[in-house]
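Note sheet for the following structure.
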Amino acid sequence: MDDGKLISLAREVLANAYAPYSGYRVGAAILTADGRVFRGVNVENASYGLTICAERAALSAAVAAGYRSFSVIAVAAEGDKEPLPCGACLQVLREFGLLRVVVAGKKEEIRSFNLDELLPYPFGK
Ligand SMILES: [Zn+2]
């Protein structure tokens, strides 16, 4: 699956994001090593610190279905700026190995990173 298709799948779930506090809706789609896609959105909470990001929501859905190996995660948001994953999400993704991270705002441009570019010194076992 190409990056554009995966970003499209992430954009499809943007409308389901629960972001009444920030108004910043994010969608994510993670591709397993064998080609399945799981999606997530950000889910905010009145207790702000309990908010979960779209990336971790997508990963959690995949892990719950029994997947442990991933090749790419796509993250899409409505703003002009690309939604680079936060440090917490990078660390949680790194737990399952190195994958590519592709991001896109509302423009068509898609940027691609290797996870170790975004998190060069992860916390390890
Ligand atoms: Zn995050």
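Because only heavy atoms are used, hydrogens play no part in the values below, and waters and symmetry mates are left out as well, while side chains stay in. As the structure lists them, so they are numbered: ligands from 1, and atoms in each ligand from 1.
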Practice task
Starting from the C-alpha separation in whole Å, work towards a yes-or-no answer on side chain to side chain contact (heavy atoms under 4.5 Å, CB included) for Leu99 and Val72.
Solution key: CA-CA 5 Å; Leu99 73 167; Val72 186; 5.7 Å; no
Exercise for the section: Go through Arg25 and Val41 one step at a time and tell me if the side chain to side chain contact (heavy atoms under 4.5 Å, CB included) criterion holds. Expected result: CA-CA 8 Å; Arg25 297 189 294 183; Val41 296; over 6 Å; no
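- Around the Zn ion (ligand 1), the protein atoms of type N, O or S that sit closer than 2.8 Å are Cys53 SG, Cys86 SG, Cys89 SG.
- Ion pair Asp80/Lys107 not flagged as a salt bridge, since none of the NZ, NE, NH1 or NH2 atoms sits closer than 4.0 Å to an Asp/Glu carboxylate oxygen.
- Counting only heavy atoms from C-beta outward, the side chains of Thr32 and Phe38 approach each other to under 4.5 Å.
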Exercise for the section: Assess whether side chain to side chain contact (heavy atoms under 4.5 Å, CB included) is satisfied between Asp34 and Tyr67, documenting all intermediate values. Expected result: CA-CA 9 Å; Asp34 65 354; Tyr67 289 89; 3.4 Å; yes
Handout entry: CA sep, side-chain torsions, deciding dist, call: Leu59, Ile73, side chain to side chain contact (heavy atoms under 4.5 Å, CB included)
Key = CA-CA 9 Å; Leu59 177 70; Ile73 186 166; 5.7 Å; no
